[in-house]
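Only this structure's heavy atoms are used, side chains among them; waters, hydrogens and symmetry mates stay out.
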Amino acid sequence: MKNKNTHYKKRVKFTLKMKRDYTLLIPEMAPLHFRLIQPILSRQGFRVALMGGEGQEVLQKGLKYVHNDMCYPALLITGQMLSAIESGAYDPHKVAMVITQSGGGCRDSNYIHLMRKAFEKAGYPDVPFISANIWGLELNSGINLSPRTLLMALAGMIYGDMLMIVSNQVQPYELHTGDTKQAVDRWIERLGNTFAKGRGFLPKAIDKNLKAIAADFAAIPVVKVPKVKVAVIGELFLKYSPPGNNHLEDFLTEQDCEVFMPSMLGFGIYKTNGALEDLRLYGGKPVKKLVLEIAMQVMFHMEDILIRNIEARKEFTAPERVNTLKKRAEGVIGIGNSMGEGWYLAAEMLELAEHGYENIVCVQPFGCLPCHVSIKGMINKVKRLNPRINAVDIEYDPGATRVNQENRIKLMLAVAKENLQAEQVLQNDFLSGTE
Ligand code: SF4
């Protein structure tokens with residue numbers, strides 16, 4: 001029977017029986033984080049593969065089944081999923097797709113229906129789609145994650161944040177090329193082994209490991225020459241996914257910049273805060289409120305451990321706590337503006353500029369109304385509040401060429417380099433006592 005609301009035949013559930021021999025295909029977003037989360041799911045008996053397809057062929061597959069005015073991540077991920085199933089690497093009758101559902105007003109809530117429809121049209125109506133969410137949407141008997149597993153996944157995210165933040169601040173200055181990458185790989189392997197033994201996810205262990213990670217990266221020999229510092233902010237998937245943002249981080253590294261990527265945990269707290277705010281304003285089930293409040297407390301505790309361990313080392317710049325960011329947004333944009341990346345983006349721009357990352361690339365997908373409001377609508381306002389902000393918004397869609405995007409970023413970097421040189425002249429004059 002057709003589902004009246006979504007226009008696909010039926011929802012295929014992922015059952016306990018399927019868990020034994022199905023492969024879960026997950027779109028890879030942040031490579032470091034997902035490399036850490038993969039062994040946690042494997043430990044629970046899931047066979048997991050990450051998908052990271054890119055290029056015109058993948059996009060054309062997405063465009064064939066998804067309307068081109070849909071937001072770019074939906075289109076790209078649909079293309080990645082169809083490419084994976086048609087690649088011959090998996091049995092099309094033994095795969096299930098995993099996709100996030102944010103539960104809010106953003107289109108991310110509806111991707112899953114869109115993709116089921118696309119798969120039905122493409123001739124794969126029996127592929128189960130699993131919704132990854134914390135709101136209790138679309139339950140599947142084959143997905144019975146214990147609180148312990150969820151805590152482990154959260155720990156994976158925190159370790160991923162730590163490795164991403166400290167490695168980005170060491171790699172551009174390393175004395176011996178490759179030292180930082182080796183340290184990242186070593187830690188991913190070590191943490192993967194720790195998770196496999198069912199350890200490393202409680203606050204005490206996380207604290208101990210984060211301390212050791214910070215010490216390890218701080219000990220890598222570096223030559224601290226002044227470099228242009230650039231932060232990347234914007235829509236969640238595009239910000240972290242190299243196929244989504246045309247390998248933006250690599251490009252900025254090639255341009256001799258130090259790159260700052262905000263933490264994923266911060267975004268998780270921002271999202272949960274938004275859901276709690278909605279409950280406060282519009283009401284809802286008390287049990288949902290209780291679950292969210294507990295989740296919030298756990299995340300606040302983890303946030304504190306993460307930030308404390310970064311702040312403890314003078315070599316590193318730590319991200320701000322979400323509650324501090326929230327204060328920054330006040331008077332700039334309404335806190336109720338929580339669709340997509342909402343108020344978080346404006347607050348991040350102000351925070352990053354104050355910590356030396358005033359050059360900012362804001363990535364936004366074509367067809368994303370929330371990002372148009374919270375990036376394009378906010379850039380001029382935050383620039384007025386902090387004239388040092390040198391930001392450029394880059395749009396991603398199937399027709400946008402990488403060369404064009406990179407040229408626009410290069411223009412922003414030209415201004416950043418001029419500013420850096422002027423700053424150095426001033427500093428030298430000050431040190432030599434001339435005016
Ligand atoms: S934030 Fe924008 S691009 Fe991302 S899912 Fe929502 S509508 Fe789409």
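By the 4.0 Å N-to-carboxylate-O rule, Glu311 lies close enough to Arg321 to be salt-bridged with it. In this structure, Arg308 does not pair ionically with Glu303, as no charged nitrogen and carboxylate oxygen lie closer than 4.0 Å. Ionic pairing of Glu354 and Arg328 is present here: one or more N-O contacts between side-chain nitrogen and carboxylate oxygen are shorter than 4.0 angstrom. A salt bridge does not link Arg35 to Glu28: none of the charged side-chain nitrogens sits closer than 4.0 Å to a carboxylate oxygen. Ion pairing between Glu406 and Lys410 fails under the 4.0 Å rule for side-chain N and carboxylate O.
Judged purely by distance below 3.5 Å, without hydrogens or angles, the side chains of Asn390 and Asn419 never pair a donor atom with an acceptor atom. Looking only at atom types and distance, the side chain of Asn245 has no donor-acceptor partner in the side chain of Lys239 under 3.5 Å away. When only modelled atom types and interatomic distance are considered, Gln101 and Ser109 share no side-chain donor-acceptor pair under 3.5 Å. For the 3.5 Å distance criterion, the side chains of Glu235 and Tyr72 fail to qualify, holding no donor opposite an acceptor. Residues Tyr396 and Asn246 bring no donor and acceptor atom of their side chains to less than 3.5 Å of each other. Side-chain polar atoms of Tyr270 and Glu341 form no donor-acceptor pair below 3.5 angstrom.
Between the side chain of Gln80 and the backbone N or O of Gly53, at least one donor-acceptor pair lies under 3.5 Å. Judged by distance alone, the side chain of Asp161 and the main-chain N or O of Met264 form a donor-acceptor pair under 3.5 Å. Remark: the backbone N or O of Leu350 is not paired with any side-chain donor or acceptor of Asn386 at under 3.5 angstrom. No donor-acceptor distance shorter than 3.5 angstrom exists from the side chain of Gln364 to the backbone of Ile375, with no hydrogens or angles considered. Without hydrogens or angle criteria, Arg47 side chain to Ser42 main chain gives no donor-acceptor distance under 3.5 Å. Side-chain atoms of Lys289 do not come within 3.5 Å of backbone N or O of Leu279 as any donor-acceptor pair. Judged by distance alone, with hydrogens and angles left aside, the side-chain atoms of Glu258 form no donor-acceptor pair with the main-chain N or O of Asn168 at under 3.5 Å. Listed for the Glu174 side chain is no donor-acceptor partner under 3.5 Å among the backbone atoms of Pro221.
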Worked verdict on Arg280 versus Glu277 for salt bridge (Lys or Arg N to Asp or Glu O under 4.0 Å): CA-CA 5 Å; Arg280 191 182 65 75; Glu277 192 69 10; 2.7 Å; yes
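By the 30° and 60° cut-offs, the orientation of the rings of Tyr124 relative to Phe119 is tilted.
For Lys121 and Tyr65, the positive end is not near the middle of the six-membered ring at less than 6.0 Å and at most 45° from its axis.
Residue Glu189 holds its CD atom at 10.5 Å from OG1 of Thr194, rounded to the nearest 0.5 Å. One distance of note links CD1 of Ile85 with OH of Tyr90; it measures 10.5 Å at 0.5 Å rounding. How far CD of Gln169 is from OG1 of Thr180: 11.5 Å, rounded to the nearest 0.5 Å.
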